[in-house]
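In this text the structure is predicted, and so the values were computed from the model without any measurement. All ligand and atom numbering here is 1-based and tracks the order in the structure.
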Amino acid sequence: MKILGIETSCDETAISLVSGDSSSFDSGVSVENSVVLSQIQTHEKYGGVVPEVAARKHLEAIFPMLKGEVPSDGFGIDAIAVTAGPGLAPALRVGVEVAKTLAWMWHKPLVAVNHLEGHIYANWILDGENSKSKIVCPEFPALCLLVSGGHSELILMKAHGDFERIGETLDDAAGEAFDKVAKMLGLGYPGGPAISKLAENGNKEAFDFPRGLLDKPNFDFSFSGLKTSVLYTLRKLADAGKMDLSGVDAHADTNKVQADIAASFQEAVVDVLVRKTMRAAEKFKPTSIVLAGGVAANKELRERLISTAKKEFNLPVFVPQFKYSMDNAAMIAVAGFFRAQDEKNFADPLTLAVDPNLDIV
Ligand code: KG4
Ligand code: ZN
């Protein structure tokens, strides 16, 4: 079964063709092509994504992209999967309207996919190296740590399409905290990659930043206290003349202090994410752990989650390939493949509407 995936929920325009075998439902899904066009440079100057600008950029990009990758009559495509939410309404609308039009014209089933579900299904993608090796996909129940720019959640996945949220952030998402702290440090947007790169040269024990809600017996997260603590630390350093973020060359040691802050901040985030996930593993006894979302690209988080889960519970941890951690359409098409196995999941191509707050449970 071949699925066309379309993703326009935020600042990446993406399409992908994937194919899966409906008779061996629990094997992975192969990627035939996956194209992502990032608008980061456009939004960088605003310090964040501007919804209307994002929508216009999606419109400019999506038709040339489809023309380049997909047969114009839809030949060989069995279904179309599109992100219907959560995300920015004007941006989502571009992908959804294009998908509806194609489904209607080609007489193909249309499947609405939740963006977060897509991130989780990035762990079912077979591509490159892992498509040649033995096929191993996460087994259920899977405990999913979903950490992106808009969400930080612990989700128990009991079967395909069956999700239960067991914890979530009470304020900022993990990726959002990375982005905000990066801004304070004078780094660009998005902040995650910039902070993790800087952290490589820093001492993660230099600053003891707070671990939000770690002492609470629940599975929720909070990153706003950590963010404020970084801000106060920076102010204190500036007052003491030890740091000047207005100009990179102002002090020779600014970069070292910046790196120490980046490393200590990242350590606090990773520590709290890994320890809460382990606590959830102890209670819910999953068969596998799945890491998903843009923050899954963080090397420190990937490595620490894998080693801790192995050491404490001998549990396998699945992490998406780097290129499928950030927003892409292959993950949407793969989620669509599993949804498309049941006709009850087909959406009406004339009436499907976006839902910026679409929930996964
Ligand atoms: O999943 P995603 O591409 O978009 C959303 O659905 O939100 O996630 C983007 C987020 C951004 O906040 C970005 O800073 C973060 O993922 N991110 C990272 C890294 N790469 C991207 N955070 C930490 N470390 C990284 N290496
Ligand atoms: Zn995302």
Taking the ring of H160 and the ring of Y121, is the distance between their centroids below 6.0 Å? yes
Residue among I155, V317, I289, L154 satisfying side-chain contact (heavy atoms from CB on, under 4.5 Å) with L145: L154
Number the atoms of ligand 1 from 1 as they appear, then name those within less than 4.0 Å of a heavy atom of M326, with their elements. 3 (O), 20 (N), 21 (C)
heavy-atom search around atom 2 (P) of ligand 1 in the protein gives D327 OD1, 3.3 Å
Which segment of S196 sits under 4.0 Å of ligand 1 when only heavy atoms are counted: side chain
Would a 4.5 Å heavy-atom cut-off, applied to side chains only, mark V111 and F337 as touching? no
Which of the atoms in ligand 1, numbered in the order shown and given with their element, are less than 4.0 Å from a heavy-atom of H119? 1 (O), 6 (O)
Side chain to side chain donor-acceptor pair (under 3.5 Å) for D172 and S224? Distances and angles first, verdict last. CA-CA 6 Å; D172 293 339; S224 72; 5.6 Å; no
In the protein, which heavy atom is nearest to atom 17 (N) of ligand 1, and how far is it? G294 O, 3.6 Å
What protein heavy atom sits nearest atom 24 (N) of ligand 1, and how far away is it? N298 ND2, 3.0 Å
Proximal ligand 1 atoms for H115, defined as those under 4.0 Å from one of its heavy atoms: 6 (O)
Test side chain to side chain donor-acceptor pair (under 3.5 Å) on K256 and N201; report intermediate values, then the result. CA-CA 8 Å; K256 174 66 185 135; N201 303 315; over 6 Å; no
Does any N or O atom in G175 lie less than 3.5 angstrom from one in ligand 1, N or O only? yes
Sub-4.0 Å atoms of ligand 1 with respect to non-hydrogen atoms of G150: 7 (O)
Would you say D239 has more than 12 foreign heavy atoms packed within less than 6.0 Å of its CG? yes
Which of the numbered atoms in ligand 1 are under 4.0 angstrom from any heavy atom belonging to D179? 11 (C), 12 (O), 13 (C), 14 (O)
In H115, what N, O or S atom is nearest to the Zn ion (ligand 2), if we give its atom name? NE2
If you measure from the Lys or Arg side-chain nitrogens to the Asp or Glu carboxylate oxygens, is any gap between K100 and E97 under 4.0 Å? yes
Tell me which protein heavy atom sits closest to atom 10 (C) of ligand 1, plus the residue, atom name and distance to 0.1 Å. G149 N, 3.5 Å
Looking from the Zn ion (ligand 2), what is the angle between OD1 on D327 and NE2 on H119, to the nearest 10°? 100°
Any C10 heavy atom less than 4.0 Å to ligand 1: no
Determine the interplanar angle of the W124 and F140 rings, folded into 0 to 90°, and report it as parallel if under 30°, tilted if 30 to 60°, perpendicular if over 60°. parallel
Centre-to-centre under 6.0 Å for F265 and F207, is that the case here? no
G191 heavy atoms, cut-off 4.0 Å: which ligand 1 atoms fall inside? 14 (O)
Atom CD of E139: over 12 foreign heavy atoms under 6.0 Å: no
Minimum-distance pair of heavy atoms, taken over all atoms of P86 and S9: O-CB, 3.8 Å
Shortest protein contact, atom 18 (C) of ligand 1 (heavy atom only): G192 CA, 3.4 Å
Close approach of K299 to ligand 1, heavy atoms, under 4.0 angstrom: no
Using a 4.0 Å cutoff against the non-hydrogen atoms of A297, which atoms of ligand 1 qualify? 20 (N), 26 (N)
